[in-house]
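The first residue of the sequence shown is numbered 1, and numbering continues consecutively from there.
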Amino acid sequence: MSVTADTLFNRAAAGLPCWIGDSDGSRQQLPTARWMGGSASSAEDRRADHAMLSRCNGPTIDLGCGPGRLTEALARRGVSALGVDTSRAAVDLTIGRGGNAVLRDLFEPLPDTGNWSCVLLADGNIGIGGDPVRLLRRAADLLAPHGAVIAEVDAPSDTGVRHRTVRWETDTMVGDWFAWSSVSADATADLAGAAGLRVVDVAPIDGRWFAQMTLAPFTSS
């Protein structure tokens with residue numbers, strides 16, 4: 001049996017560990033407790049999530065929402081929020097905790113394109129698909145004119161953007177390989193510029209790094 005995203009999120013809900021394996025042979029345990037949120041996560045992660053969500057002041061779309069902790073938290077604050085994920089288990093978990101979510105590839109048509117006040121790319125989801133510029137262009141398409149993209153990135157480092165081939169792993173099973181990218185904080189501005197965005201803030205919060213981007217102003221040549 002192969003490890004799928006559904007396997008991953010069902011194990012996260014059960015408190016069981018999972019790893020991400022890299023084609024270079026390394027393996028790193030996934031922060032599934034953080035993904036679940038609430039009492040399962042650390043105080044530091046809850047503070048970082050709160051600070052991230054405090055910037056979402058209008059309708060928010062959470063790309064790669066996973067089990068839905070952020071979508072739920074926004075709904076509890078009275079903020080209109082929609083989670084998007086390709087995992088049925090993730091969508092079911094999000095809806096089960098009171099959030100709103102759709103089962104869809106984020107590059108497929110989505111509700112209210114061009115009208116979202118905030119696009120969330122939490123937990124390193126700027127790396128989805130292995131092409132951060134393409135993903136940020138999609139985020140820019142979803143944004144309202146004065147909206148913002150909030151993306152969680154890696155700490156500053158000289159690695160910049162690292163394109164990877166990875167797979168989900170458990171203690172007994174592995175999944176199929178797929179493309180992913182890791183983006184350091186100091187590489188974000190160039191990626192944003194290539195996607196029609198500009199970085200207005202990059203800052204650490206309790207050991208995690210967040211970049212805020214807005215649509216770049218149009219200038220005629």
Side-chain angles (χ1 to χ4, degrees), residues 1-22 26-53 56 60-106 108 110-111 118-129 135 150-152 154 164 166-180 182 205-208 210:
M1 179 180 176
S2 177
V3 180
T4 65
D6 282 356
T7 310
L8 194 75
F9 293 122
N10 283 327
R11 286 178 65 91
L16 299 172
C18 286
W19 292 262
I20 188 166
D22 199 296
S26 62
R27 186 169 85 155
Q28 181 179 7
Q29 187 166 345
L30 292 166
T32 51
R34 178 205 300 170
W35 293 353
M36 290 306 301
S39 60
S41 61
S42 69
E44 292 80 8
D45 278 330
R46 291 195 294 273
R47 285 196 299 267
D49 282 355
H50 178 78
M52 172 174 53
L53 295 180
C56 301
T60 298
I61 189 165
D62 182 7
L63 301 181
C65 65
R69 78 183 191 279
L70 303 176
T71 307
E72 175 200 16
L74 287 168
R76 288 183 180 276
R77 283 176 44 195
V79 176
S80 176
L82 178 69
V84 180
D85 210 288
T86 56
S87 163
R88 167 58 69 185
V91 169
D92 288 347
L93 285 165
T94 301
I95 293 172
R97 64 199 300 170
N100 188 23
V102 293
L103 180 68
R104 202 166 301 173
D105 186 301
L106 61 85
E108 294 176 357
L110 292 170
C118 185
V119 176
L120 278 181
L121 291 166
D123 302 318
N125 283 345
I126 192 173
I128 289 174
L135 186 54
I150 308 296
E152 185 168 354
D154 291 348
R164 306 162 61 193
V166 298
R167 66 185 180 186
W168 307 129
E169 300 181 358
T170 72
D171 42 6
T172 59
M173 301 179 292
V174 298
D176 296 328
W177 295 105
F178 59 92
W180 193 265
S182 298
I205 303 171
D206 280 284
R208 292 159 59 190
F210 299 91

Residues two or more places apart in sequence or in another chain: which of them pass side chain to side chain donor-acceptor pair (under 3.5 Å) with [X]?
| X | answer |
| --- | --- |
| Arg47 | Asp206 |
| Ser182 | Arg164 |
| Asp123 | Arg34, Arg69 |
| Thr60 | none |

Do side-chain atoms of [X] reach the backbone of [Y] as a donor and acceptor pair under 3.5 angstrom?
| X | Y | result |
| --- | --- | --- |
| Asn10 | Thr7 | no |
| Thr94 | Gly66 | yes |
| Arg46 | Gly37 | no |

Report task. Step through the shown structure and confirm whether more than 12 heavy atoms of other residues, nucleotides or ligands are within 6.0 Å of CG on Asp176. Result -> no
Report task. Give a yes or no on whether Arg27 atom CZ has more than 12 heavy-atom contacts from other residues, nucleotides or ligands under 6.0 Å away. Result -> yes
Report task. Report the C-alpha separation of Leu30 and Trp19 in whole Å, then their side-chain angles, then the decisive distance to 0.1 Å, and conclude whether the side-chain contact (heavy atoms from CB on, under 4.5 Å) test is met. Result -> CA-CA 5 Å; Leu30 292 166; Trp19 292 262; 5.6 Å; no
Minimum heavy-atom separation for [X] and [Y], please, with both atom names.
| X | Y | value |
| --- | --- | --- |
| Leu103 | Ser87 | CD1-C, 3.5 Å |
| Asp85 | Gly64 | OD2-C, 3.4 Å |
| Cys18 | Thr170 | SG-CG2, 4.1 Å |
| Cys118 | Ile150 | SG-CG1, 3.6 Å |
| Arg167 | Gly175 | CD-O, 3.5 Å |
| Leu135 | Ile126 | CD2-O, 3.3 Å |

Requested in this report: Using ring pair (Phe, Tyr, Trp, His ring centres under 6.0 Å) as the criterion, list what pairs up with Trp180, not counting sequence neighbours.
Outcome: none
Query raised in the report: CD1/Ile61 to CG/Leu82 distance, rounded to the nearest 0.5 angstrom?
Result: 5.0 Å
Requested in this report: Rounded to the nearest 0.5 Å, what's the gap from OG1 on Thr86 to CZ on Arg104? Could you check?
Outcome: 12.5 Å
Are the side chains of [Y] and [X] in contact, using a 4.5 Å heavy-atom criterion?
| X | Y | answer |
| --- | --- | --- |
| Asp49 | Arg208 | yes |
| Ser41 | Met36 | no |
| Asp22 | Gln28 | no |
| Met52 | Ile205 | no |
| Leu120 | Cys56 | yes |

Query - By side chain to side chain contact (heavy atoms under 4.5 Å, CB included) - contacts of Ala75 (at least two apart) - result: none
Report task. Output, in order, the C-alpha distance, side-chain angles, deciding distance and verdict of side-chain contact (heavy atoms from CB on, under 4.5 Å) for Ile128 and Leu63. Result -> CA-CA 10 Å; Ile128 289 174; Leu63 301 181; 5.7 Å; no
Report task. If the plane angle is over 60° it's perpendicular, under 30° parallel, otherwise tilted; pick one for Trp168 and Trp35. Result -> perpendicular
